[in-house]
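Below: one structure, written as structure tokens.
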Amino acid sequence: MNAPNMRLTGLDLRAEIERLRKERNAVILAHYYQKPELQDLADFVGDSLDLSKKAASTEADVIAFCGVRFMAETAKILSPDKIVVLPDMDAGCSLEDSCPPEQFKAFREANPDHIALTYINCSTEVKALSDIIVTSSSADIILKQIPPEQKIIFGPDRNLGGYLARKTGRDMLLWPGVCIVHEAFSETELLKLKAQYPGAPVLAHPECPPHVLDHADHVGSTRSILEHALASPSEIMIVATEPHIMHQMEKAAPHKTFIGAPGADGNCNCNMCPYMALNTLEKLYLALRDLEPRIEIEESLRVAAKKPLDRMLEMAGGTVGKGDVGKPLVSGD
Ligand code: 13P
Ligand code: SF4
């Protein structure tokens, strides 16, 4: 246990979070990139698509979202009657920052014959300007449902867009945004690691640049990477995504070795998401106690942003991934 995280003015934070979770009828949702202590006390851990589905279907009165702001906003868009709290409101995303709504609007207006297929990692305003939202686990299946003659703008992640274009043969106009975390992986360092561990498969997130994806044996969302790591017969694997996902891998398969792909200096630390890292046990406790910081979205904007999210949920189909490796779901889930 992490001693400094245990107490806030003499409180047992885990016990207090447990008490408040019941008192508030709250559900704690966490992304795989969250600190292990937050993943471990969450009711549900998942990728962006599964977290959206959970947020849309939960019976709780309060959603405490351990993730970044666009994820918590998505929860509020889909579940407007719930109180949605984000432990740290500064938990943003470089992809969201790369795509200011007024510039995206101008881009759309300059390409009126294109529909906008937009990655969920964007602001509520950009969602409201989009036709269909996708996540890394739903983009492929959604893209296949769009008629081949339909022209498409894809934003804001040029790496995910480029990967989808290569995979499906669809020519799309790409917005030039990147995830600072996945962009930091180094091909040179990855090749050194592969030479050190011959035969170890590389599992990569499609937010990685093409020179990293070229060396991947499996490309997929965080959930897909996790499932692949657990199902693979390999005992050693190289993981090219935010390293906190390895917490679930190590819990579920302690006999296997998972090695984080390195950044340019050979040190994995540059691949930790600085936004995801802002959430802490202390801030989660305070968010549940004070029901702040709270996500609020102006109603007409929320309704406009919900349409492309609803399209994603319709087109993505399927069920929510297990998302609870080693941990039972709360009743009602
Ligand atoms: P997924 O969990 O949907 O793969 O998304 C990864 C990510 O970058 C979230 O910010
Ligand atoms: Fe954004 Fe990248 Fe962090 Fe995900 S990992 S929240 S895409 S900066």
Side-chain angles (χ1 to χ4, degrees), residues 29-35 39 42 44-55 65-75 86-99 118-123 126 133-142 155-161 163-164 175 177-185 203-209 212-213 216 218-229 239-249 260-261 263 268-279 309 312-313 316 318 320-323 325:
L29 304 182
H31 189 266
Y32 291 122
Y33 295 166
Q34 289 291 285
K35 291 178 171 58
Q39 292 189 39
F44 183 81
V45 188
D47 71 1
S48 306
L49 180 64
D50 287 342
L51 289 167
S52 303
K53 288 179 177 174
K54 276 284 166 190
F65 212 115
C66 296
V68 291
R69 199 173 50 238
F70 78 80
M71 295 177 174
E73 286 179 357
T74 300
L86 178 66
D88 191 318
M89 206 50 105
D90 288 334
C93 171
S94 67
L95 281 167
E96 174 176 345
D97 294 345
S98 78
C99 194
T118 307
Y119 193 28
I120 198 165
N121 299 33
C122 64
S123 64
V126 167
I133 300 299
V134 300
T135 65
S136 52
S137 56
S138 61
D140 193 3
I141 186 168
I142 288 174
D157 187 359
R158 69 163 182 224
N159 288 333
L160 174 61
Y163 167 73
L164 290 167
W175 186 268
V178 292
C179 160
I180 49 165
V181 175
H182 292 84
E183 191 71 2
F185 290 117
L203 319 182
H205 196 279
E207 288 174 13
C208 291
V212 170
L213 293 180
H218 176 78
V219 178
S221 75
T222 50
R223 191 233 290 188
S224 162
I225 289 175
L226 174 60
E227 287 174 350
H228 190 89
V239 180
T241 192
E242 214 276 356
H244 285 106
I245 193 174
M246 289 189 280
H247 176 59
Q248 294 295 341
M249 296 177 181
C268 283
N269 284 344
C270 57
N271 297 326
M272 293 200 189
C273 177
Y275 306 104
M276 292 277 183
L278 289 174
N279 294 326
L309 274 167
M312 171 185 80
L313 294 174
V320 178
K322 196 165 183 295
V325 182

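Remember, it's 1-based here, ligands and their atoms both numbered in the order they're listed. These numbers were taken from a predicted model, which means no experiment stands behind them. Just so you know, residue 1 is the first one in the sequence shown, and it goes up from there.
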Exercise for the section: Check whether any N, O or S atom of Cys179 sits under 2.8 Å from atom 2 (Fe) of ligand 2. Expected result: yes

Exercise for the section: Hey, could you give me the CZ/CG distance between Phe44 and Asp50, rounded to the nearest 0.5 Å? Expected result: 4.5 Å

Handout entry: Interfacing atoms of ligand 1 (cut-off 4.0 Å, heavy-atom, Ser221)
Key = 4 (O)

Handout entry: Ser136-ligand 1 polar pair, N/O distance under 3.5 Å
Key = yes

Practice task
Find out whether Met276 and Val68 are in side-chain contact, i.e. whether some heavy atom of one side chain is under 4.5 Å from a heavy atom of the other.
Solution key: yes

Practice task
Work out whether the distance between some heavy atom of His31 and some atom of ligand 1 is less than 4.0 Å.
Solution key: yes

Problem - Donor-acceptor pair, side chain of Gln39 and main chain of His244, under 3.5 angstrom - result: yes

Handout entry: Plane angle bin for His182 and Tyr33 - parallel if under 30°, tilted between 30 and 60°, otherwise perpendicular
Key = tilted

Practice task
Measure Glu207 to ligand 2 on non-hydrogen atoms and call it side chain, backbone, both or neither using the 4.0 Å cut-off.
Solution key: side chain

Handout entry: Distance filter under 4.0 Å to Met71 heavy atoms, resulting ligand 1 atoms
Key = 9 (C), 10 (O)

Practice task
Write out the residue and atom name of the closest protein heavy atom to atom 5 (O) of ligand 1, then the distance separating them to 0.1 Å.
Solution key: Ser48 OG, 3.4 Å

Exercise for the section: Return yes if some donor-acceptor pair links the side-chain N/O of Trp175 with the main-chain N/O of Gly161 below 3.5 Å, else return no. Expected result: no

Handout entry: Ile141 and Val134, any side-chain heavy atoms less than 4.5 Å apart
Key = no

Handout entry: Backbone of Cys273 reached by a side-chain donor or acceptor of Glu242 within 3.5 Å
Key = yes

Exercise for the section: List the closest protein heavy-atom neighbour of atom 8 (O) of ligand 1: residue, atom name, distance to the nearest 0.1 Å. Expected result: Glu207 OE2, 2.9 Å

Fill in the blank from the handout: From the list Ser52, Ser137, Ser138, side chain to side chain donor-acceptor pair (under 3.5 Å) partner of Asp47 resolves to Ser137

Exercise for the section: Determine yes or no for a side-chain-to-main-chain donor-acceptor pair under 3.5 angstrom, with Lys35 supplying the side chain and Asn279 the backbone. Expected result: yes

Handout entry: Glu242 heavy atom under 4.0 Å from ligand 2
Key = no

Handout entry: Non-hydrogen side-chain atoms of Arg223 and Tyr32 separated by less than 4.5 Å
Key = yes

Exercise for the section: Would you mind checking which non-hydrogen protein atom is closest to atom 3 (Fe) of ligand 2, with the distance to 0.1 Å? Expected result: Cys273 SG, 2.4 Å

Practice task
Do me a favour and list the nearest non-hydrogen protein atom to atom 7 (S) of ligand 2 with residue, atom name and distance?
Solution key: Asn121 ND2, 3.2 Å

Problem - Closest protein heavy atom (residue, atom, distance) for atom 10 (O) of ligand 1 - result: Asn121 ND2, 3.4 Å

Fill in the blank from the handout: ligand 2 atoms nearer than 4.0 angstrom to some heavy atom of Cys93 are 1 (Fe), 6 (S), 7 (S)

Problem - Closest approach of Val181 to Pro274 (non-hydrogen atoms, all atoms of both residues) - result: CG2-CD, 4.2 Å

Handout entry: Closest protein heavy atom (residue, atom, distance) for atom 4 (O) of ligand 1
Key = His205 NE2, 2.7 Å

Handout entry: Proximal ligand 2 atoms for Tyr33, defined as those under 4.0 Å from one of its heavy atoms
Key = 5 (S)

Problem - Asp47 neighbourhood, listing ligand 1 atoms whose heavy-atom distance to it stays under 4.0 Å - result: 1 (P), 2 (O), 3 (O)

Handout entry: For ligand 1, the portion of Glu242 having any non-hydrogen atom under 4.0 Å away
Key = neither

Handout entry: Ligand-side contact atoms (ligand 2) for residue partner Tyr275, heavy atom cut-off under 4.0 Å
Key = 8 (S)

Problem - Under 3.5 Å donor-acceptor, Asn271 side chain and Ala261 backbone - result: yes

Problem - Close approach of Tyr32 to ligand 1, heavy atoms, under 4.0 angstrom - result: no

Exercise for the section: Using a strict cut-off of 4.0 Å, indicate which atoms of ligand 2 neighbour a heavy atom of Leu95. Expected result: 7 (S)

